[in-house]
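Naming convention: chains lettered A, B, ... in sequence-line order (proteins, then strands); numbering from 1 in each chain.
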Amino acid sequence: MTNIIATTDLRKSFRTRNGQVEAVRGVSIEVGPGEIFGFLGPNGAGKTTTLRMLTTLLPIDSGTATVAGFDVARQPQQVRTRIGYVSQLGGADELATGRENLLLQGRLYGAAKQYVAIRAAVLEELLDLTEFADRRVITYSGGQRRRLDIALGLVHEPAVLFLDEPTTGLDPQSRANLWDHIRALRDSGTTVFLTTHYLEEADALCDRLMIMDHGLIVAEGTPRALKQQVAGDAIVISLREGERDGQRAAAVLTGQSYVRELSEQDGQVRLYTGDGGTALPRLIRLLDDEQIGIRSIAMSEPTLDDVFLRQTGRSLREGPEGEASQASPQLAEKEPAR
Amino acid sequence: MKTVRDIGLLFQRMLVQLLRNPVWLVVGFSTPILYLALFTPLLRQLAGQPSAVVLDEFLPGILSLLAFSTGVSAGFSTIFELKGGVIERLRVTPASRFAILIGPIAASMLMMFVFDAVVVAVGVGFGFSVHPGGLLLLAVFLGLLMILTSAFSVAIALLTREISGFAAVVNGINLPVLLLAGVLIPMSFGPAWLRVLAHFNPLYYLVQSSRVLGAGTLTGTAVWEAAAVLVPLCALTLAWATSVVRKAVS
């Protein structure tokens, strides 16, 4: 199988006020044609920076990248004609109509007017834009805009479509709708390379994914294979006296034979066990004996978050203010690439 | 050929954006008219001359000023487009990098000439004497300065990326350039060192030549000097700004 995207040891650093920041620290990727490939990681992990190098927007510091058969650094023009890119910001002209945007975009790729008009109509149909294609973009809803952005990225029938955080800011319904559109693209032969910091999105949408953190790939595989790495069940225990009891509970549980891995954070103990059903009553009894009060307890099959946690010691679930993104504030600041 | 086509497309795109922005249109038309309406009476008092004489002297300077301010503010829409992802959307296409820079500049230039024409027409109503040859050459110089300052402004916008940093640079440049150009207060009022300093200001040459050209003289020293300064400076700035578009981090 020839790869449609291949990189070896891709690197990028930025100068900031706080000195040199290594945003991408040696990323090697191989993506085959016709798959939905995902980049999962917290804000500031280096996902967007990698994407922008692959799409010729950002000079590569070192390493090599080939996209659609051409070297990104040496043949940017050839790469550009074969890829579509939809940034987090979209980038449609707000004062123009959806159709005007599509027509201009198509012509910038060198296509003739008549051809672009036909292509625009096809895309309007494909992405359910027909109804409002003649309205100015400024009147569009979030979901409508996102679909137009994607249509703009597809106007020249690219072999690869890069989507940077495609569903950020969308309501659940629009998100599910967009997922369907992305799957349909894959089914029609387009390779889709997307970044996301949503676990559900990576899990539900991607055929294969890489988990990225601090500029490095920490795990790679199909969502299923990745989750299987974390065998058994995950149990999360919140303690009533979190401050005081978190460490104590961790100490008590660590020695138990049925506990495979355990981590403690802010009064929350998270552990993995082969069989949750038998482990659960035993650990409740144990904590009770030690007079450690339990606020809540939850058991689940492993998610991609457990994979991330296992690789990095942190959870992806934390919001934008959480530790996952605060771990590299300079990167988070740099990366949105506005 | 491809570059020309891309310039055409991006010119058209920007023109549509400008024409659909009513606030911008109103401000664009009213600013030069306000200058004329407010400064002419003032200068008439100062110089003790009738409007017609004052306008002959002052109107070409206003056009120069307009070219400068149109150009310098070009970067504001660049910042806006950066924030909206427009610049990235264009840079990821195979469109010529030079076209991405110059297309929008050409559209604002066309609008500037429309505003200029209005100013001249209003000026004529108050006695400004038109010398077509001189005005035509002046238009060329105005265009050169406008391209030069626009390209500079767009490049600074791409490099600073934020409205705060960009505005700081532009405001910092505005004051000395405008003062040392002698548009509103002739440089002959200033001390020798100030007059020497003025010679490092491209706008100064445009303003000097604009007075000569406005009076219908096509071959004065001021005209040659303006050409000798503006043409190479414009070319250099365009080359630099194009390389900034090519490599822009944002």
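Crowding of A/Q20 atom CD: a count of heavy atoms from other residues, nucleotides or ligands under 6.0 Å exceeding 12. Within a 6.0 Å sphere centred on CD of A/Q75, other residues, nucleotides and ligands contribute more than 12 heavy atoms. Counted within 6.0 Å of CZ on B/F126, heavy atoms from surrounding residues, nucleotides or ligands total 12 or fewer; the atom is thus considered open. At most 12 non-hydrogen atoms from other residues, nucleotides or ligands lie less than 6.0 angstrom from CZ of B/F80.
When all heavy atoms of B/G85 and A/S87 are compared, the closest pair comes out as CA-OG, 4.5 Å. Contact between A/R80 and B/R91 at its shortest, heavy atoms only, is NE-O, 3.5 Å.
For the pair A/L89 and B/L82, the minimum side-chain heavy-atom distance is 4.5 Å or more.
The interface of residues 20-39 of chain B with chain A, defined by heavy-atom distances below 4.5 Å, comprises B/R20, B/N21. Below 4.5 Å, heavy atoms of chain A meet heavy atoms from B/T93, B/P94, B/A95, B/R97, all part of residues 93-108 of chain B.
Chain A forms the most heavy-atom pairs under 4.5 Å with one residue out of B/D6, B/V16, B/V92, B/V86, and that residue is B/V92.
Note that the CG atom of A/L104 and the CZ atom of B/R89 stand 6.5 Å from one another [nearest 0.5 Å]. Of the inter-residue distances, the one linking A/L95 atom CG with B/R13 atom CZ reads 9.5 Å to the nearest 0.5 angstrom.
Proximity to chain A (any heavy atom under 4.5 Å) is shown, for B/I79, by neither the backbone nor the side chain. For chain B, no part of A/Q78 is nearby; none of its heavy atoms comes within less than 4.5 Å.
Put simply, the side chain of B/R5 gets close to the backbone of A/R107: a donor and an acceptor are under 3.5 Å apart.
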